[in-house]
Amino acid sequence: MRASALITGSSRGIGRAAALALAREGWPVCINYLESREAAEDLVLRLRSEGHMAIAVQADVACRAAVEAMVQRAAEALGPVELLVNNAGISRQGLFQDTDDALWNRMLAVNLTGARNAVQAVLPHMLEAKRGAIINISSIWGLRGGSCEVAYACTKAALIGLTRSLALELAPSGIRVNCVAPGCIETDMVRVLGEETRRMLVEETPLGRLGTPEDVAQAVVFFASERASFFTGQVLTADGGFIV
Ligand code: NAP
């Protein structure tokens with residue numbers, strides 16, 4: 001049985017585009033969602049109609065047991081997981097002094113511990129195969145810092161630390177770990193900010209537009225491929241020049 005790919009948070013947005021692109025590259029894909037069951041199942045139907053192998057699994061990435069069960073289901077249905085895209089994420093805008101325990105803890109649990117949970121669940125497969133690729137979706141705010149998104153930016157900076165440290169630890173086992181840091185991408189996460197903020201973000205982006213989920217998926221496909229076999233511990237921004 002061929003190896004499979006797990007893309008966390010792939011019912012919508014960047015994760016969905018990454019799952020579509022990876023399936024079209026030949027990866028059997030496990031679509032993960034938290035609440036958007038219908039969207040996830042629609043995506044599975046679409047992928048199967050194109051001849052790809054796909055399943056959808058509900059799991060909160062913040063819950064270690066749920067993630068372990070999801071990885072087991074993916075392995076049984078699609079083959080051992082040798083490609084992991086840690087994409088599931090949440091963001092909130094607000095002042096740092098208004099960030100209460102519940103918000104702070106949830107942000108860390110989903111954006112950072114979620115990635116930890118997924119990596120630890122798939123590692124036995126990758127270590128056994130002596131190969132694998134892990135791609136963490138950070139953000140330009142994790143590189144640059146983000147006013148009124150302090151908790152979010154902290155988790156995204158931590159994902160870069162996770163990428164570099166894991167890349168060093170796992171390189172001898174043939175596992176590559178890389179990171180994509182998107183700029184402002186046209187998804188629900190940005191749509192909720194409203195039209196005026198959207199216009200401001202377009203103005204601040206040198207290429208003069210928001211990115212598409214497909215723009216980010218291209219970077220994911222690259223890091224997943226054999227063409228990236230000498231790349232590990234890298235952070236690739238997909239941001240239209242935002243932080244040049
Ligand atoms: P999005 O449109 O809001 O989609 C988020 C996805 O994550 C959904 O599929 C959602 O599932 C899933 N998700 C959320 N919490 C989850 C949880 N606890 N467990 C499992 N899945 C969960 O977001 P997006 O814009 O595509 O962002 C994807 C990633 O890119 C995030 O890590 C985000 O921080 C990062 N990013 C985005 C931008 C941007 O401008 N959009 C920029 C930089 C970085 P449900 O649909 O089931 O809720």
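Whatever order the structure lists them in is the order used to number ligands and atoms, beginning at 1.
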Output yes when a side-chain donor or acceptor of [X] lies under 3.5 Å from a complementary backbone atom of [Y], and no otherwise.
X	Y	answer
His125	Pro80	no
Thr237	Asp239	no
Thr205	Leu207	no
Ser10	Asn32	yes
Asn111	Thr155	no
Asn178	Gln234	yes
Asp101	Asn105	no

Open item on the list: Please identify which of these residues, Arg12, Arg198, Arg209, meets the salt bridge (charged side-chain N to carboxylate O under 4.0 Å, His left out) condition with Glu186.
Closed with: Arg198
Test your reading of the structure: does [X] have an N or O sitting under 3.5 Å from an N or O of ligand 1?
X	result
Val110	no
Gly9	yes
Ser139	no
Gly13	no
Val61	yes
Tyr33	no

TODO: Side-chain contact test, heavy atoms from C-beta onward, threshold under 4.5 Å: evaluate it for Arg164 versus Val235 and give yes or no.
DONE: yes
TODO: Would you check if Leu22 and Val85 make a side-chain contact, meaning some heavy-atom pair closer than 4.5 Å?
DONE: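 Side chain of Leu22 against side chain of Val85, heavy atoms only: contact under 4.5 Å found.
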Open item on the list: Are Val119 and Ile135 linked, directly or through intermediate hydrophobic residues, by side-chain heavy-atom contacts shorter than 4.5 Å (ILVMFWY only)?
Closed with: no
Identity and separation of the nearest protein heavy atom to [atom]:
atom	value
atom 24 (P) of ligand 1	Thr187 OG1, 3.6 Å
atom 37 (C) of ligand 1	Ile14 CD1, 3.7 Å
atom 23 (O) of ligand 1	Met189 CE, 3.7 Å
atom 40 (O) of ligand 1	Ile185 N, 2.8 Å
atom 47 (O) of ligand 1	Glu35 N, 2.6 Å
atom 3 (O) of ligand 1	Arg12 NH1, 3.5 Å
atom 43 (C) of ligand 1	Pro182 O, 3.4 Å
atom 18 (N) of ligand 1	Asp60 OD1, 2.9 Å

TODO: List the steps and the verdict of ring pair (Phe, Tyr, Trp, His ring centres under 6.0 Å) for Tyr152 and Trp104.
DONE: CA-CA 9 Å; Tyr152 177 77; Trp104 178 264; over 10 Å; no
Heavy-atom contact under 4.0 Å between [X] and ligand 1?
X	answer
Tyr152	yes
Thr8	no
Lys156	yes

Which residue from [options] reaches closest to [atom] through any of its heavy atoms?
atom	options	value
atom 38 (C) of ligand 1	Gly183, Ser36, Ala88, Cys184	Gly183
atom 44 (C) of ligand 1	Gly89, Ser11, Ser10, Ser138	Ser138
atom 28 (C) of ligand 1	Asn87, Asn117, Asn136, Ile137	Asn87

If the cut-off is 4.0 Å to any non-hydrogen atom of [X], which atoms of ligand 1 fall inside it?
X	answer
Asn32	20 (C), 21 (N)
Val190	39 (C), 40 (O), 41 (N)
Asp188	2 (O)

Would you call [X] and [Y] a salt bridge, using N to O less than 4.0 angstrom?
X	Y	result
Glu41	Arg37	yes
Arg106	Asp60	yes
Glu82	Arg131	yes

Once you restrict to heavy atoms under 4.0 Å, what part of [X] touches ligand 1? Side chain, backbone, both or neither.
X	value
Glu186	neither
Ala59	backbone
Arg106	side chain

